[in-house]
Amino acid sequence: MAGKSEAALPRKTYEKELLRLQTELVRVQEWVRAEGARLVVVFEGRDAAGKGGTIKRVAEHLNPRVARIAALPKPTERERTQWYFQRYVEHLPAAGEIVLFDRSWYNRAGVEHVMGFCSKEEHQLFLRQCPIFERMLVEAGILLRKYWFSVSDTEQQERFRRRLEDPLRRWKLSPMDLESITHWEAYSRAKDQMMVHTDISEAPWFVVESDDKRRARLNMIAHLLSTVPYHDVPPPVLKLPDRPASTGYLRTPRDLQNYVPDHTASL
C-alpha cells in the first residue's frame with residue numbers, strides 16, 4: 001500500500017499544489033457552465049478512507065450553484081419500493097452542472113450487500129444493471145468519473161481511534177462504521193466482485209491510494225483534471241463603479257438595533 005512508506009509530503013508543498021489544482025477546478029467549473037456540460041464524480045471507498053476530506057477540497061472554491069454535493073441518507077419507505085437507481089437519477093446534473101456523489105448507487109454493492117440490507121437477488125440485479133445504467137449516462141453525454149479510495153486496515157483503525165478521541169470529529173463515527181472493522185474481508189470480497197462487474201471501458205474505476213491523505217487529495221484532483229477536456233473561458237469584463245454621492249440618507253441609530261456582543265473583547 002502506498003502512502004505511509006513514502007516520505008511525508010511537506011505541508012507547504014501540499015498547500016501550494018492544492019491551491020494550483022483548485023484554481024484549475026474553477027476553470028473546469030467555468031467551462032462546464034459555458035459549454036453546458038454535465039459532470040458526475042463518484043467517490044467510493046471504505047469508511048475513513050478520505051472521501052469526505054477530498055470532496056471538501058474539490059468543492060471548496062466552486063460555486064455551489066454549479067457544483068453540488070449529493071450525500072443521500074438512507075432510503076425512505078417509499079424509495080425502497082422504487083427502481084433502485086431512481087432516487088439517484090433525480091440528483092444527476094442538468095446542463096452546466098457538476099455533481100459530486102459522496103457515496104452513490106454503489107451502496108448496494110457494498111454496505112447493503114455485506115450487512116444484509118438487500119437480498120442476494122437484489123445484489124445480483126444491481127451488478128447486472130449498473131453497467132447498463134452507467135452506459136446510458138455516458139451515451140447521454142454525461143461525463144462520469146468513478147474513484148475508489150483504498151485505505152489499509154491498520155490506517156483505517158488508527159483513523160477510527162483518532163475520531164473516537166476527538167470531540168470535533170466523533171460525529172463522523174457511527175456503529176455501522178465500526179462494524180466495518182469486523183467485516184473487513186467481506187467488504188474486500190464485495191469490492192472485488194463489484195469491480196469485476198462495473199469496471200467498464202465507458203466508465204472505468206480509478207483507485208486512489210489514500211493512506212496518505214495529502215497525496216490522495218492531490219493525486220485524485222490532478223487525475224480528474226486530466227480527464228476533462230476543458231479550456232479557458234474568458235470571464236465577463238467587470239468594472240467597479242464609482243460610489244455615488246450621498247443623497248442625505250442617515251443610518252438608523254445603533255441603540256435602536258440589537259447587536260451581537262463583542263466576544264473577542266474578552267480574549
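Excluded from the calculations below are hydrogen atoms, water molecules and symmetry mates; all remaining heavy atoms, backbone and side chain alike, are included.
The closest side-chain donor-acceptor pair between D177 and S174 falls under 3.5 angstrom. Q129 and W83 are linked by a side-chain donor-acceptor pair at a separation below 3.5 angstrom, with hydrogens and angles left out of the test. Remark: the Y230 side chain and the E24 side chain contain an N/O donor-acceptor pair separated by less than 3.5 Å.
Taking the side chain as every heavy atom from C-beta outward, Q82 and E79 approach each other to under 4.5 Å. In this structure the side chain of V32 never reaches within 4.5 angstrom of the side chain of V228, judged on heavy atoms. Y259 places a side-chain heavy atom less than 4.5 Å from the side chain of R254. Between E122 and E112 the shortest side-chain heavy-atom distance does not fall below 4.5 Å. Side chains of E134 and E202 form no contact here, defined as non-hydrogen atoms less than 4.5 Å apart. The shortest distance between side-chain heavy atoms of V41 and V58 does not fall below 4.5 Å. At least one side-chain heavy atom of L178 sits less than 4.5 Å from a side-chain heavy atom of L173. Between R46 and S188, the closest side-chain pair of non-hydrogen atoms falls below 4.5 Å.
Taking OG of S226 as the reference point, atom CD1 of I221 lies at 12.5 Å (rounded to 0.5 Å). Taking CG of L225 as the start and CE of M220 as the end, the distance is 8.5 Å to the nearest 0.5 Å. Here the straight-line distance linking atom CG of D262 with atom CG of L267 works out to 8.5 Å at 0.5 Å rounding. The distance from atom CG of D47 to atom CD of E179, rounded to the nearest 0.5 Å, is 10.5 Å. In this structure, M176 CE and H183 NE2 are separated by 9.5 Å, a value rounded to the nearest 0.5 Å. Atom-to-atom distance recorded for L240:CG and D242:CG is 8.0 Å, nearest 0.5 angstrom.
With sequence neighbours left out, the ring pair (Phe, Tyr, Trp, His ring centres under 6.0 Å) criterion links F101 to W105. Scored by the ring pair (Phe, Tyr, Trp, His ring centres under 6.0 Å) test, H223 finds Y147, F206 as partners (sequence neighbours excluded).
Exactly one residue among E155, Q156, Q157 makes a side chain to side chain donor-acceptor pair (under 3.5 Å) with R159. That residue is E155. When each of R65, R33, R68 is tested with E97 by the rule side chain to side chain donor-acceptor pair (under 3.5 Å), just one qualifies, namely R68.
Counting only distance, with no hydrogens or angles, the side chain of K146 and the backbone of A203 share a donor-acceptor pair below 3.5 Å. Side chain of Q29 to backbone of N63: a donor-acceptor contact under 3.5 angstrom is found. Counting only distance, with no hydrogens or angles, the side chain of N219 and the backbone of V208 share no donor-acceptor pair below 3.5 Å. Side-chain atoms of S210 come within 3.5 Å of backbone atoms of A49 as a donor-acceptor pair (strictly under, hydrogens ignored). Side-chain atoms of R38 come within 3.5 Å of backbone atoms of A140 as a donor-acceptor pair (strictly under, hydrogens ignored). Not a single donor-acceptor pair under 3.5 Å links the side chain of K191 to the backbone N or O of A109.
Annotation for S246 and G248: closest pair OG-N, 3.1 Å, computed over non-hydrogen atoms. Closest of all the heavy-atom pairs between G96 and V66 is O-CG1, 3.5 Å. Taking every heavy atom of both residues into account, P204 and D199 meet most closely at CA-OD1, 3.3 Å. Across P131 and I200, no two heavy atoms sit closer than the pair O-CD1, 3.8 Å. Nearest approach of V151 to A48, heavy atoms of both residues: CG2-O, 4.4 Å.
Y106 and L100 are not part of a single hydrophobic cluster, where members link through side-chain heavy atoms under 4.5 Å apart. A continuous path of hydrophobic side-chain contacts links L143 to I55 [ILVMFWY only; heavy atoms under 4.5 Å]. Note on V26 and L21: same hydrophobic cluster, where clusters join Ile, Leu, Val, Met, Phe, Trp and Tyr whose side-chain heavy atoms are under 4.5 Å apart, directly or indirectly. V40 and F43 are assigned to two separate hydrophobic clusters, defined by single-linkage of ILVMFWY side chains at heavy-atom distances under 4.5 Å. Note: the hydrophobic cluster containing F133 also contains I142 (ILVMFWY, side chain heavy atoms under 4.5 Å, direct or indirect links).
No more than 12 heavy atoms of other residues, nucleotides or ligands sit less than 6.0 Å from atom CE of M136. Annotation: E185, atom CD; neighbour count of heavy atoms from other residues, nucleotides and ligands within 6.0 Å does not exceed 12. In this structure, H231 places its NE2 atom where more than 12 heavy-atom neighbours from other residues, nucleotides or ligands lie under 6.0 Å away. Heavy atoms from other residues, nucleotides or ligands lying under 6.0 Å from CZ of R170 number 12 at most. Within 6.0 Å of CG on N258 lie no more than 12 heavy atoms contributed by other residues, nucleotides or ligands.
Ring orientation note: the planes of Y84 and Y88 are tilted relative to one another, at an angle of 30° to 60°.
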Are K56 and E60 close enough, and set up right, to give a salt bridge (Lys or Arg N to Asp or Glu O under 4.0 Å), and what steps lead you there? CA-CA 6 Å; K56 181 178 179 180; E60 187 172 6; over 6 Å; no
Worked verdict on E30 versus R27 for salt bridge (Lys or Arg N to Asp or Glu O under 4.0 Å): CA-CA 5 Å; E30 295 309 298; R27 292 177 62 202; over 6 Å; no
side-chain contact (heavy atoms from CB on, under 4.5 Å) between L144 and V42: does it pass, once the steps are laid out? CA-CA 8 Å; L144 177 60; V42 169; 4.1 Å; yes
Test side-chain contact (heavy atoms from CB on, under 4.5 Å) applied to M194 and H113, step by step: CA-CA 11 Å; M194 175 196 79; H113 171 55; over 6 Å; no
Kindly indicate, with the supporting measurements, whether the criterion salt bridge (Lys or Arg N to Asp or Glu O under 4.0 Å) is fulfilled by E209 and R215. CA-CA 8 Å; E209 296 283 12; R215 293 181 186 275; over 6 Å; no
Taking it one step at a time, do N107 and F117 satisfy side-chain contact (heavy atoms from CB on, under 4.5 Å)? CA-CA 10 Å; N107 278 338; F117 298 152; over 6 Å; no
Test log, rule side-chain contact (heavy atoms from CB on, under 4.5 Å), inputs R57 and Q22: CA-CA 8 Å; R57 273 68 180 185; Q22 289 176 325; 4.0 Å; yes
Can you give each donor-acceptor pair under 3.5 Å made by side-chain atoms of residues 8-16, sequence neighbours left out, with the distance rounded to 0.1 Å?
unit_1 : atom_1 : unit_2 : atom_2 : d
R11    : NH1    : E15    : OE2    : 3.3
Y14    : OH     : R217   : NH1    : 3.1

